[in-house]
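Below, chains carry the letters A, B, ... as their sequence lines are ordered, and counting in each starts from 1. Hydrogens, waters and symmetry mates are skipped; everything else that's a heavy atom, side chains included, is used.
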There are 2 protein chains.
Amino acid sequence: MRDSKVRPRYQRIKEFIYRGIKGHTYPPDSQIPAEIELARMFKVSRMTANRAVRELVNEGILVRHQGLGTFVADIQAESPLLEIRNIADEVRARQHIYSNELRLLQKEQASAEVAARLGVAKGSPVFHSLILHKENGVPIQIEDRYVDAAIAHGYLEQDFSRITPNQYLSELFPLSEIEHIIEAVLPDRQVHELLKIDPNEPCLLVNRRTWSDGRLISYARLIHPGSRYRLSSRSARF
Amino acid sequence: MRDSKVRPRYQRIKEFIYRGIKGHTYPPDSQIPAEIELARMFKVSRMTANRAVRELVNEGILVRHQGLGTFVADIQAESPLLEIRNIADEVRARQHIYSNELRLLQKEQASAEVAARLGVAKGSPVFHSLILHKENGVPIQIEDRYVDAAIAHGYLEQDFSRITPNQYLSELFPLSEIEHIIEAVLPDRQVHELLKIDPNEPCLLVNRRTWSDGRLISYARLIHPGSRYRLSSRSARF
DNA sequence: TTCCCGTAATTGTATATACAATTATATACA
DNA sequence: TGTATATAATTGTATATACAATTACGGGAA
């Protein structure tokens, strides 16, 4: 019941500002309320408002000028490197047949590693799904995903053969921030058996974490055979 | 005059910890002094020490466990994909020592593959450089780069131990567009010898093409050992 | 032995307060 | 009119303090 637990006050202020930016209450370059004003609005001390704003500045979402105020950064120029794509759509866009196998869907207690990645306490309940995605019947991705059970209550009841976890989550929690960490690894036994590849074939491991309104929603390990998959991106910058 | 101005106290504490990590006073996974102890050491309040440590946690340098203490994160090299950053700066930002070896710098006739990637006719003159980048003396990237000789006339005359090709090119041709294609591959003989890795260790191969004002400037294959390098990107979106 | 509980150590959050630094703007003065 | 000065608004840093939450560990009970 982590969700019933109050989120920190500075976090609520951050979420208020996130929403304000997303909802165009605070368009790019516009000024947001001063610390003292935020403190009044949320009935907190100025230091608490200060922490909220300072963290948003560190995230590159706001910029501050002493004596002047705090403004929404013009971040629109930055186009995301890796689109968060729906693998099913991606396969279909290539005119191929998409299918998947749900290999696992259960509630677990977070291991130390998962807890650290997901920002929850070790042992707290998380939902864990493992889906094998296929293109024309050939495995192309293992999606190994963890979601904070306190956030995504209905996760276990979804039919993931019809809707990907990605789709389900992004409807409930619109994406506000995304992190990718990419590695090249050799497959362990489970991976090479699932992907039907040679134990010596290198794999691309994409660690993806997604946030909604500053809240960490989900951590996924996406594993692709090096021979059948490439990540690409092309972006213009101004 | 900037330096004569006193740095904030929390900043001094951060620098102390940075140095402690760099100088192996605090090796990976070791515990750093508790907030209260840092506060005593620097004669500041606990909140000031808290700010220093909290910022280092946000930077991924430290990890904290409530009730246990604060520990040096096992930092692996990570490079942001969104920014086309200079690998030398990247290494130095981690407080490590950057060095490189220029293994090749010559004019060639474009092979079929290079010609295709670079958008020139097969056999047309291209400059080819191969640089081995090192962090603390350990190889972390092979930069294998091709540039259209008709565009970057002075390429062969550069001193690439002082300025990376990236720096040189981006000064002449400001970046307007960038493409990345990422693969996981096994190293061929030259690669595993240069990077000093096992022939079975997977590598991250980043194929990067850059444009300036719509003109394709350069094609680079950046090869990293999977064990020593990761690519990361994080972006906010609204 | 095994389990439960209290305690110490440590981090996490929050407050009220203070003063410094920066910037724009209004005001007074030559 | 033009210039120097005071002032208000705002952020930047720092302190002392408080209590909550988490974890390891040791001591005692079953």
Side-chain angles (χ1 to χ4, degrees), chain A residues 1-17 26 29-58 61-73 109-112 115-116 118-125 150 214-216, chain B residues 1-17 26 29-58 61-73:
Chain A
M1 280 301 137
R2 143 169 319 221
D3 221 58
S4 68
K5 193 185 269 184
V6 281
R7 282 192 296 286
R9 300 182 187 181
Y10 72 85
Q11 185 62 36
R12 292 180 173 274
I13 300 178
K14 287 180 71 174
E15 285 164 21
F16 166 80
I17 298 170
Y26 304 126
D29 291 327
S30 67
Q31 186 168 12
I32 67 157
E35 286 182 359
I36 203 94
E37 180 57 28
L38 287 171
R40 249 197 304 271
M41 289 165 62
F42 286 86
K43 296 188 176 34
V44 298
S45 73
R46 191 192 141 209
M47 283 310 293
T48 299
N50 176 269
R51 174 166 181 181
V53 176
R54 189 146 39 76
E55 292 197 356
L56 290 170
V57 169
N58 285 338
I61 291 176
L62 301 176
V63 293
R64 316 193 81 178
H65 300 287
Q66 193 167 353
L68 284 182
T70 305
F71 305 84
V72 177
Q109 293 185 310
S111 68
L118 214 46
V120 300
K122 186 181 160 189
S124 54
R215 267 209 305 181
L216 182 49
Chain B
M1 285 290 152
R2 151 169 325 184
D3 224 62
S4 69
K5 193 183 271 185
V6 280
R7 283 190 299 287
R9 300 183 186 181
Y10 72 86
Q11 188 60 42
R12 291 179 173 272
I13 300 178
K14 287 180 71 174
E15 284 162 18
F16 166 80
I17 297 171
Y26 303 127
D29 292 327
S30 66
Q31 186 168 11
I32 66 156
E35 287 182 359
I36 202 88
E37 180 57 30
L38 285 171
R40 250 197 303 271
M41 289 163 63
F42 286 86
K43 295 190 178 27
V44 299
S45 74
R46 190 190 143 208
M47 284 310 293
T48 300
N50 176 269
R51 174 166 181 181
V53 175
R54 190 147 38 77
E55 292 196 357
L56 290 170
V57 170
N58 285 339
I61 310 257
L62 300 176
V63 294
R64 316 192 81 178
H65 300 288
Q66 193 168 353
L68 285 182
T70 305
F71 304 85
V72 177

In whole angstrom, give the distance that lies between atom CD1 of A:Ile13 and atom P of C:dT13. 13 Å
Separation of atom CD in A:Glu37 from atom P in D:dA9, rounded to whole Å: 12 Å
Please give, in whole Å, the distance from D:dG12 P to A:Leu62 CG? 11 Å
Can you tell me the distance, in whole Å, between the CD1 atom of B:Ile36 and the P atom of C:dA8? 16 Å
Toward the 5' end of DNA chain C, which comes first, A:Lys43 or B:Glu35, by nearest nucleotide? B:Glu35
Atom-pair distance (CZ on A:Arg7; P on C:dG12), nearest Å: 19 Å
Take A:Val72 and A:Asp29 through the side chain to side chain contact (heavy atoms under 4.5 Å, CB included) test and state the conclusion after the steps. CA-CA 5 Å; A:Val72 177; A:Asp29 291 327; over 6 Å; no
Apply side chain to side chain contact (heavy atoms under 4.5 Å, CB included) to the pair A:Arg54 and B:Glu55, showing each step before the final yes or no. CA-CA 10 Å; A:Arg54 189 146 39 76; B:Glu55 292 196 357; 3.8 Å; yes
Under 4.0 Å, heavy atoms only, any strand: does B:Val53 hit a base, just the sugar-phosphate, or nothing? nothing
If only side-chain N and O atoms of A:Thr70 are considered, is one of them under 4.0 Å from the OP1 or OP2 phosphate oxygen of D:dT11? yes
Nucleotide nearest B:Arg64 when distance is taken to its side chain, options D:dT13, D:dA16, C:dT11: C:dT11
Between the side chain of B:Gln31 and the main-chain N/O of B:Leu68, is any donor-acceptor distance below 3.5 Å? yes
Could you state the CZ-C1' distance from A:Arg54 to D:dT10, rounded to the nearest angstrom? 15 Å
Is the shortest side-chain N/O distance from A:Arg46 to OP1 or OP2 of C:dT17 below 4.0 Å? no
Just to be sure I understand the rule, does B:Arg9 reach a base, reach only the sugar-phosphate, or reach nothing, if contact means heavy atoms closer than 4.0 Å? sugar-phosphate
May I have the step-by-step check of salt bridge (Lys or Arg N to Asp or Glu O under 4.0 Å) for A:Arg40 and A:Glu37, ending in yes or no? CA-CA 5 Å; A:Arg40 249 197 304 271; A:Glu37 180 57 28; 2.9 Å; yes
With a cut-off of less than 4.0 Å, is there a side-chain N or O of B:Thr48 near OP1 or OP2 of D:dT15? yes
Find the distance A:Ile32:CD1 to D:dT11:C1' and express it as a whole number of Å. 12 Å
Taking N and O atoms by type only, does the side chain of B:Gln66 place a donor or acceptor under 3.5 Å from a partner on the base of C:dT11? yes
Taking a pair as Watson-Crick or G-U wobble with both distances under 3.5 Å, which nucleotide is matched to C:dA30? D:dT1
Under 30°, 30 to 60°, or over 60°: which ring-plane class applies to A:Phe42 and A:Phe16, parallel, tilted or perpendicular? perpendicular
Check this for me: does the side-chain of B:Arg51 come within 3.5 Å of the base of D:dG12 through a donor and an acceptor? no
When you check the phosphate oxygens OP1 and OP2 of C:dA14, does a side-chain N or O of A:Tyr10 lie under 4.0 Å from one of them? no
Nearest-Å distance, CE (B:Met47) to C1' (C:dA18)? 15 Å
